[in-house]
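Keep in mind that this is a model prediction, so the values were computed, not measured. Below, chain A is the first sequence line, B the second, and so on; all start at residue 1. Keep in mind that the numbers below use all heavy atoms, side chains included, and drop hydrogens, waters and symmetry copies.
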Amino acid sequence: MPELPEVETCRRGITPHIVNHTVKEVVVRNANMRWPITDTIDDIQGQVIDSVTRRAKYLLLKTHKGTLLLHLGMSGTLRVIPEHTEVSKHDHFDLVFDNGLTLRLNDPRRFGAVLWLTGDVYQHPLLASQGPEPLSEQFDGQYLYEKSRNKTVAIKTFIMNNHIVVGVGNIYANESLFQAGINPKKAAGKISKKRFIDLAKRIKKVLQQAIEQGGTTLKDFTQADGRPGYFAQSLMVYGRKDQPCFLCETPLKEIKQGGRATTFCPRCQKN
DNA sequence: ATAGCAACCTGAGGGC
DNA sequence: TGCCCTCAGGTTGCTA
């Protein structure tokens, strides 16, 4: 489910329920996530959550003693629920708080991660190598233009590369390229500065709008309170293979790039 | 350095 | 009904 807008929606949803509250208990039902959840996780017990922030698609729950890093992978969801709520399949991890609420991670595919880190988390290899946030001032067309010179990689692959910019997953890569009218196969190094300036704006806008609408619910994404996101109805190309382009009626094409489906309009995104 | 691709894992859906 | 195949919001870490 989660690209940046979904993770950000999640962050906003859980924050008011857990910030300034104390972790009463930690429950690990299945430690076999992307990396094993280690026993050091118990150190969060008794800690107060000072803040919930996001870096790339990671959520950072900061406490005095350390930081809990959460990643939702492909299929993870976080819910805030009353303590003692019945456990469902794939409910792998709980933080039980002193206010009667529980933060519960459900993740069928277990590509997500739960890591307890001490020290400067931003120095951790997972975060240290990440590119700029797409919604920051640091990220703009000039930046993309400079980064892309002499690169033969396809533009779609380029903007999905976390070393270039974080948080742009498959849905929003497809959508922003459609909005910018850029062919996903075009070599990044052959795109003009002018087009990159437009593309960067489109990326920001599409992410911002998706956040405002609570993210994209495809099949299983829900906000922290269980409600779906509403951006799916705004999708112009993602998941619309063979359906008519909303602008020109041409049937949308689907190709594979780096193992991921790319949907685009062969007419509106000719070059 | 860079690009392509398999790997991690479960579930849904399609074809037969 | 069941089996087999493909595909899915992500990211790491191999191989050339």
Side-chain angles (χ1 to χ4, degrees), chain A residues 1-11 29-37 54-59 69-78 88-93 105-115 124-131 134 147-177 184-189 203 206-207 210-211 213-223 228-242 254-263:
Chain A
M1 39 122 309
E3 294 186 36
L4 187 147
E6 291 73 44
V7 178
E8 179 61 22
T9 295
C10 178
R11 187 191 72 75
R29 296 188 195 81
N30 187 346
N32 299 313
M33 301 296 290
R34 163 150 219 151
W35 301 286
I37 305 177
R54 179 187 58 73
R55 174 73 178 105
K57 294 170 190 162
Y58 290 92
L59 288 173
L69 211 63
L70 295 173
H71 196 291
L72 301 176
M74 289 276 257
S75 56
T77 49
L78 281 173
S88 306
K89 201 173 183 184
H90 307 305
D91 283 344
H92 305 312
F93 177 78
L105 174 71
N106 181 285
D107 185 1
R109 295 178 74 178
R110 285 185 277 117
F111 289 174
V114 179
L115 298 171
H124 189 278
L126 285 174
L127 297 186
S129 62
Q130 302 277 352
K147 276 279 179 185
S148 63
R149 289 312 87 186
N150 302 319
K151 293 271 192 347
T152 55
V153 64
I155 184 62
K156 163 121 183 301
T157 310
F158 183 71
I159 61 173
M160 286 185 72
N161 181 344
N162 287 335
H163 298 294
I164 304 299
V165 58
V166 300
V168 183
N170 202 32
I171 298 175
Y172 302 108
N174 278 301
E175 293 301 311
S176 46
L177 286 171
K185 287 179 288 188
K186 192 174 173 78
I203 290 172
V206 77
L207 293 174
I211 291 169
Q213 292 174 47
T216 298
T217 292
L218 293 179
K219 35 180 186 254
D220 51 11
F221 171 69
T222 54
Q223 306 184 51
Y230 295 98
F231 195 72
Q233 59 202 43
S234 306
L235 298 175
M236 304 287 280
V237 288
Y238 181 86
R240 298 195 62 245
K241 175 188 179 185
D242 296 333
E254 185 169 295
I255 58 171
K256 281 275 179 205
Q257 288 182 293
R260 315 296 297 275
T262 299
T263 316

Among the nucleotides B:dG11, B:dC8, B:dA3, which one has an atom lying closest to any side-chain atom of A:Phe111? B:dC8
Could you go through residues 158-167 of chain A and list every donor-acceptor pair under 3.5 Å that involves a side-chain atom there, pairing it with any protein atom two or more places apart or in another chain?
unit_1   : atom_1 : unit_2   : atom_2 : d
A:Asn161 : OD1    : A:His163 : N      : 2.8
A:His163 : ND1    : A:Ser129 : O      : 3.0

Separation of [N] [atom2] from [X] [atom1] (nearest whole Å):
| X | N | atom1 | atom2 | value |
| --- | --- | --- | --- | --- |
| A:Asp242 | B:dG14 | CG | P | 15 Å |
| A:Asp91 | B:dT10 | CG | C1' | 15 Å |
| A:Phe158 | B:dT2 | CZ | C1' | 13 Å |
| A:Met74 | C:dT6 | CE | P | 17 Å |
| A:Glu3 | C:dG10 | CD | C1' | 9 Å |
| A:Arg110 | B:dA7 | CZ | P | 17 Å |
| A:Asn32 | B:dC8 | CG | P | 13 Å |
| A:Leu72 | B:dC8 | CG | P | 22 Å |

Would you indicate, yes or no, if [N] has its OP1 or OP2 atom less than 4.0 angstrom from a side-chain nitrogen or oxygen of [X]?
| X | N | answer |
| --- | --- | --- |
| A:Thr157 | B:dA3 | no |
| A:Lys89 | B:dC9 | no |
| A:His90 | B:dG11 | yes |

Mind checking what makes side chain to side chain contact (heavy atoms under 4.5 Å, CB included) contact with A:Thr152, not counting sequence neighbours?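 Checked A:Thr152 against side chain to side chain contact (heavy atoms under 4.5 Å, CB included); zero matches.
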Please name all residues satisfying side chain to side chain contact (heavy atoms under 4.5 Å, CB included) with A:Ala187, sequence neighbours left out, ordered by chain then number. A:Lys190
Restricting to side-chain hydrogen bond (donor to acceptor under 3.5 Å, both in side chains), what partner residues turn up for A:Arg29, sequence neighbours left out? A:Asp94
A:Arg55: side-chain hydrogen bond (donor to acceptor under 3.5 Å, both in side chains) partners, not counting sequence neighbours: A:Glu133
Considering residues at least two apart in sequence or located in another chain, which fulfil the ring pair (Phe, Tyr, Trp, His ring centres under 6.0 Å) criterion with A:Phe93?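 By the ring pair (Phe, Tyr, Trp, His ring centres under 6.0 Å) rule, A:Phe93 matches no residue at all.
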With A:Tyr238 via ring pair (Phe, Tyr, Trp, His ring centres under 6.0 Å) - residues at least two apart: none
I'd like a list of close polar pairs between nucleotides 11-16 of chain C and the protein, N/O only, cut-off under 3.5 Å.
unit_1 : atom_1 : unit_2   : atom_2 : d
C:dT11 : OP1    : A:His71  : NE2    : 2.8
C:dT11 : OP2    : A:Lys57  : NZ     : 2.9
C:dT11 : OP2    : A:Asn162 : ND2    : 3.2
C:dT11 : O2     : A:Arg34  : NH1    : 3.3
C:dT11 : O2     : A:Arg34  : NH2    : 3.0
C:dT12 : O4'    : A:Arg34  : NH2    : 2.8

With distance as the sole criterion, do the side chain of A:Arg109 and the base of B:dC9 form a donor-acceptor contact below 3.5 Å? yes
Side-chain H-bond candidate by donor/acceptor type, A:Asn170 with A:Lys156, under 3.5 Å: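 Yes.
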Decide if atom NZ of A:Lys147 counts as having more than 12 heavy atoms of other residues, nucleotides or ligands within a radius under 6.0 Å. no
What's the gap between B:dC5 and C:dC7 when it is taken at their P atoms, as a whole Å value?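 Pairwise P distance, B:dC5 against C:dC7, rounds to 14 Å.
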According to a 3.5 Å limit on both distances, what stems of 3 or more consecutive Watson-Crick or G-U pairs are formed with DNA chain B? B:2-8 with C:10-16, B:10-16 with C:2-8
